[in-house]
Enquirer: 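Sharing a structure with you now.
Position 1 is the first residue of the sequence, and the numbers go up from there.
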Amino acid sequence: MVTPSIGTIELYKQLEILLKSDMPVFIHGSPGIGKSYIVNDIAKKSNLELVDVRLSQLDAVDLRGIPTITNNQTVWMPPVFLPLDQNSSGILFLDELNSASLSVQAAIYQLVLDRKIGEYTLPKGWKIVCAGNKINDKGIVFKLPSPLVNRMVHLLLEAKYDDFKNWAILNGIHSYILGFLGFRPDLLSSEVPNSTETNPAFCTPRAWSMMSNILKTQSNVNLISPIIYGTVGYSAAIEFISFIKVYKTLPNIDDILNGSCEIVPNEPSALYALCSAIIEKYENTNQAVNIFAYSKSLPVEFSVMLIKDLIVKDENIALLEEFDKWMEKYGDYIL
């Protein structure tokens, strides 16, 4: 049987429930899809401390601590990264658990089940979240021992385009990437290449986010094509570079925002690019009035996509009279 996967939005909801119930959880997922980011973000939003431990870099003794002699007895000194304040609260994030050695995994048994390791006890206000890559991701991954597996809830995270797009709009991801992935959502995440491939790069949300930062520094793809190949892989890069050429044939976005342009592209790739460019340049509700007018000249699916994305960026547009008029015409198309 195939374990059902969830996207990032659903993972937020499930993690909140598990944290409230104080239930240890293991997040399985491919590299670069946001496991660490989400745990960090939840800790920040919940005003919780976060201790991020990369278990693949530790030995078993690093967890239990170094032995010392006190009053003629051996006492294990806990490592500095484990919280000691009994009145504190936070998330103990045990990342790369299934990439850790078997001796480290065995040391985690007691910590996950009994919240203890040696003489150390995890304060009551701390929650345990674990994460790791999937076995078929071609990384250094070991199968977890069944006793450890049975002590946690397991969630499988997969990259889902709609979740990424909402995050990307709110976090200023470059419009080239938003438009391209709208046109080719299957390239948000790709399989890890075989070890024999000369170019080991592959598509992930993290890789596209890195690409966005690069494009904000240098948007001339003729100058950075090797960087694009080395960030998202050769095949995706070829398509992405071709898409950017389409992007540059679009009508003037400022004219659309000012209400002085009625030109509408015909090609789907250009329409995806156009909608992402409008969203990126949008700044205020005065422009929204002109966007509502322009959207009525777009094919229905693109008009709906444009306004839904605009709401993600600025919820205040839902208060406009133009939004009510737009809903009268397109409301039935919104799921």
Side-chain angles (χ1 to χ4, degrees), residues 1-46 48 50 52-55 90-100 108 112 127-139 141-144 146 148-171 173 177-178 181-182 184-192 202-210 212 232 236 305 308-309 311-312 334-335:
M1 292 181 64
V2 178
T3 302
S5 62
I6 58 176
T8 55
I9 292 177
E10 186 62 28
L11 179 60
Y12 272 95
K13 297 176 183 177
Q14 300 300 322
L15 278 180
E16 288 176 1
I17 294 170
L18 290 169
L19 291 174
K20 287 178 182 178
S21 62
D22 202 16
M23 190 66 61
V25 56
F26 190 111
I27 305 169
H28 301 258
S30 299
I33 64 173
K35 300 184 296 295
S36 301
Y37 174 87
I38 291 172
V39 175
N40 277 266
D41 194 40
I42 285 180
K44 183 178 179 180
K45 290 178 177 177
S46 303
L48 295 170
L50 179 75
D52 188 335
V53 182
R54 304 301 167 109
L55 293 174
I91 296 175
L92 179 59
F93 182 36
L94 304 176
D95 201 1
E96 302 174 357
L97 173 56
N98 55 354
S99 297
I108 291 296
V112 171
K127 321 295 181 180
I128 296 176
V129 177
C130 306
N133 296 331
K134 298 185 295 184
I135 292 178
N136 58 355
D137 285 327
K138 302 181 177 71
V141 176
F142 304 104
K143 185 177 180 180
L144 292 175
S146 54
L148 182 56
V149 168
N150 196 233
R151 297 179 185 195
M152 296 179 287
V153 174
H154 296 265
L155 298 176
L156 175 59
L157 177 66
E158 288 196 1
K160 297 184 184 294
Y161 169 69
D162 287 341
D163 291 353
F164 175 79
K165 180 169 75 167
N166 289 343
W167 174 85
I169 290 171
L170 294 174
N171 286 273
I173 295 298
I177 291 167
L178 275 171
L181 292 178
R184 286 296 309 273
D186 55 305
L187 288 179
L188 171 62
S189 182
S190 60
E191 289 188 7
V192 179
F202 57 101
C203 298
T204 66
R206 178 166 59 201
W208 288 114
S209 180
M210 290 163 52
S212 173
V232 297
M305 181 182 73
K308 287 176 68 175
D309 290 349
I311 291 175
V312 171
I334 297 181
L335 299 178

Enquirer: Could you walk me through whether Leu15 and Ile38 satisfy the side chain to side chain contact (heavy atoms under 4.5 Å, CB included) test, starting with their C-alpha distance in whole Å, then the side-chain angles of each, then the deciding distance to 0.1 Å, before giving a yes or no?
Expert: CA-CA 10 Å; Leu15 278 180; Ile38 291 172; 4.1 Å; yes
Enquirer: Nearest 0.5 angstrom please: Leu94 CG to Ile108 CD1, how far?
Expert: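 That separation rounds to 5.0 Å.
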Enquirer: For Ser146, is there any backbone N or O sitting under 3.5 Å from a side-chain donor or acceptor partner on Asn150?
Expert: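 It does not hold such a pair.
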Enquirer: Indicate yes or no: at least one non-hydrogen side-chain atom of Phe26 is less than 4.5 angstrom from one of Val149.
Expert: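 Side-chain contact under 4.5 Å: no.
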Enquirer: Ignoring hydrogens and geometry beyond distance, is a side-chain donor-acceptor pair present between Ser99 and Asn133 at under 3.5 Å?
Expert: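 Side chains of Ser99 and Asn133: no pair found under 3.5 Å.
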Enquirer: Decide yes or no for Ser189 and Glu158: does some side-chain heavy atom of the first lie under 4.5 Å from some side-chain heavy atom of the second?
Expert: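 No, side chains not in contact.
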Enquirer: Mind listing the closest non-hydrogen atom pair of Glu191 and Phe202 along with its distance?
Expert: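 Looks like O-CB, 3.7 Å.
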Enquirer: Within the distance-only criterion (no hydrogens, no angle test), does the side chain of Asp163 pair as donor or acceptor with the backbone N or O of Ile9 below 3.5 angstrom?
Expert: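 Yes: the side chain of Asp163 pairs with the backbone of Ile9.
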Enquirer: Has Trp208 got a side-chain atom pairing as donor or acceptor with Leu187's backbone, closer than 3.5 angstrom?
Expert: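 Yes, because the side chain of Trp208 sits within donor-acceptor range (under 3.5 Å) of the backbone of Leu187.
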Enquirer: How many angstroms lie between CD1 in Ile27 and NE2 in His154, if you round to the nearest 0.5 Å?
Expert: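 Interatomic distance, Ile27 CD1 to His154 NE2, rounded to 0.5 Å: 12.0 Å.
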Enquirer: Give a yes or no on whether the backbone of Tyr37 and the side-chain of Asp41 come within a donor-acceptor separation of less than 3.5 Å.
Expert: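 A pair under 3.5 Å: no.
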Enquirer: Could you point out which residue of Leu157, Ile42, Val25 forms a side-chain contact (heavy atoms from CB on, under 4.5 Å) with Leu11?
Expert: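 Only one option passes, and that is Leu157.
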Enquirer: Check whether Ser21 reaches the backbone of Leu18 with its side chain - one donor and one acceptor, N or O, closer than 3.5 Å.
Expert: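 The answer is yes, because a donor-acceptor pair under 3.5 Å joins these two groups.
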Enquirer: Can you name the nearest heavy-atom pair linking Ala159 to Ile33, along with the distance?
Expert: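 Taking every non-hydrogen atom into account, CB-CG2, 4.1 Å.
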Enquirer: Indicate the atoms forming the closest heavy-atom contact of Leu155 with Gln14, along with that distance.
Expert: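 Here Leu155 and Gln14 meet closest at CD1-CB, 3.9 Å.
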Enquirer: Decide side chain to side chain contact (heavy atoms under 4.5 Å, CB included) for Thr8 and Phe164; before the verdict, give the C-alpha distance in whole Å, the side-chain angles of both, and the deciding distance to 0.1 Å.
Expert: CA-CA 8 Å; Thr8 55; Phe164 175 79; over 6 Å; no
Enquirer: Start with the C-alpha distance between Asp95 and Val53, add both sets of side-chain angles, then the distance that settles side chain to side chain contact (heavy atoms under 4.5 Å, CB included), and finish with yes or no.
Expert: CA-CA 6 Å; Asp95 201 1; Val53 182; over 6 Å; no
Enquirer: Applying salt bridge (charged side-chain N to carboxylate O under 4.0 Å, His left out) to Asp186 and Arg184, what does each step give before you reach the verdict?
Expert: CA-CA 5 Å; Asp186 55 305; Arg184 286 296 309 273; 2.5 Å; yes
Enquirer: What I'd like to find out is whether the side chain of Cys130 reaches to under 4.5 Å of the side chain of Met152, using heavy atoms alone.
Expert: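 They are in side-chain contact.
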Enquirer: Can you see which heavy atom on Pro24 is nearest to which on Val112, and at what distance?
Expert: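 Reported closest heavy-atom pair: CG-O, 3.7 Å.
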Enquirer: So Lys165 and Met305, do their side chains get closer than 4.5 Å, heavy atoms only?
Expert: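 The answer is yes; the side chains approach within 4.5 Å.
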Enquirer: Write down the atom of Leu55, the atom of Ala100, and the distance for their closest heavy-atom approach.
Expert: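 That closest heavy-atom pairing would be O-CB, 3.7 Å.
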Enquirer: Closer than 3.5 angstrom, by distance alone: can the side chain of Lys35 be matched with the main-chain N or O of Ser30 as a donor-acceptor pair?
Expert: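 Checked: pair present.
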Enquirer: Only one of Asp52, Leu19, Ile128 clears side-chain contact (heavy atoms from CB on, under 4.5 Å) with Ile91; which?
Expert: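 The passing option is Leu19.
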Enquirer: Would you check if Leu156 and Lys134 make a side-chain contact, meaning some heavy-atom pair closer than 4.5 Å?
Expert: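 Yes. Closest side-chain heavy atoms under 4.5 Å.
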Enquirer: Nearest 0.5 Å, please: how far is CD1 in Ile177 from OG in Ser209?
Expert: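 So the OG of Ser209 and the CD1 of Ile177 are separated by 7.5 Å.
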Enquirer: Where is the tightest heavy-atom contact between Gly132 and Asn98, given as atom of each residue plus distance?
Expert: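 Where Gly132 meets Asn98 most closely, the heavy atoms are CA-OD1, 3.3 Å.
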Enquirer: Side chains of Leu92 and Val129: closer than 4.5 Å at any heavy-atom pair?
Expert: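 No, side chains not in contact.
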Enquirer: Please round to the nearest 0.5 Å and tell me the distance separating atom CG of Asn40 and atom CG of Leu48.
Expert: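 Going from CG on Asn40 over to CG on Leu48, the span is 12.0 Å.
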Enquirer: Less than 4.0 Å between a side-chain N and a carboxylate O, is that true for Lys20 and Asp22?
Expert: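 No.
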